[in-house]
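Note sheet for the following structure.
This one's a predicted model, so the numbers in the text were calculated from it and none came from an experiment. In what follows, chains are A, B, ... by sequence order, proteins preceding strands, each numbered from 1.
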Amino acid sequence: MASYEDFYNIVRSIPEGRVSSYGVIARLAGLPGQARQVGYALGALPHASDVPWHRVVNARGEVSARKGGSASEKIQRLLLEHEGLVFDEHGRLDMVCAAWPDIQTRCD
DNA sequence: CTAATGACGTAGA
DNA sequence: ATCTACGCCATTA
């Protein structure tokens, strides 16, 4: 039976400067279609966790909006930009090159 | 026990 | 490309 730890371990394997999506994490954890649980799991992370939760965005390549407009959204974007990622004018990332695992090589 | 909710995704219009 | 509707299911009310 899968647990939050499974999600956390996968997220921990995302390289710096790369991102993945909730749906992908769920699939890698063997629970396709349960993307919401991934977000739920990340939201339950303690503040001092070693899990790079900020490297998980939605399938559109944007930082998902929290319910109460939490400050973690801004934090997430700042952390990602700090890792070299660039958001376009729509607040989205280039998922073809930034997504992990690699979908397509040739982003150079 | 049932109903609503949500860091999501996909299909169809 | 954007928008809506629906499926998903653990957690909460």
Between the protein and nucleotides 10-13 of chain C, are there any N/O to N/O pairs under 3.5 Å, and if so, what are the atom names and distances?
from, atom 1, to, atom 2, distance (Å)
C/dA10, O4', A/Gln37, NE2, 2.7
C/dT11, O4', A/Tyr40, OH, 3.0
C/dT11, O3', A/Tyr40, OH, 2.5

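- In this structure, NE2 on A/His54 lies 9.0 Å from CD1 on A/Ile14, to the nearest 0.5 angstrom.
- Among the protein residues, A/Ser21 comes within range of the sugar-phosphate backbone only, with heavy atoms under 4.0 Å from sugar or phosphate atoms but none that close to a base.
- In this structure, the side chains of A/Trp53 and A/Gln76 come closer than 4.5 Å at one or more pairs of heavy atoms.
- Among the protein residues, A/Ala65 comes within range of the sugar-phosphate backbone only, with heavy atoms under 4.0 Å from sugar or phosphate atoms but none that close to a base.
- Pairs of residues two or more places apart, or lying in two chains, that qualify as salt bridge (Lys or Arg N to Asp or Glu O under 4.0 Å) and include a residue from residues 92-101 of chain A are A/Glu62-A/Arg92.
- By the neighbour-count criterion of 12 heavy atoms within 6.0 Å, atom CZ of A/Arg12 is densely surrounded, having more than that number from other residues, nucleotides or ligands.
- Taking the 5' to 3' direction, DNA chain B first and last meets chain A under 4.0 angstrom from a heavy atom at B/dG6 to B/dG9.
- At the heavy-atom level, A/Glu73 lies nowhere under 4.0 Å from the strands shown.
- Using a 4.0 Å heavy-atom distance criterion, A/Gly23 is classed as a sugar-phosphate-only contact.
- Nearest-nucleotide assignment on DNA chain B puts the 5′-proximal partner with A/Lys67, out of A/Asn58 and A/Lys67.
- Distance check: A/Gln37 CD to A/Tyr4 OH gives 6.0 Å after rounding to the nearest 0.5 Å.
- Taking a cutoff of 4.0 Å between a charged side-chain nitrogen and a carboxylate oxygen, A/Glu83 and A/Arg18 do not qualify as a salt bridge.
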(request) Would you check, one step at a time, whether the test salt bridge (charged side-chain N to carboxylate O under 4.0 Å, His left out) holds for A/Glu73 with A/Arg77? (result) CA-CA 6 Å; A/Glu73 304 169 25; A/Arg77 173 158 179 168; over 6 Å; no

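- A close approach under 4.0 Å does occur between a side-chain nitrogen or oxygen of A/Arg92 and OP1 or OP2 of C/dT2.
- Taking OG of A/Ser70 as the start and CD1 of A/Ile75 as the end, the distance is 8.5 Å to the nearest 0.5 Å.
- Counting any heavy atom pair closer than 4.0 Å across all strands shown, A/Arg77 reaches no nucleic acid atom.
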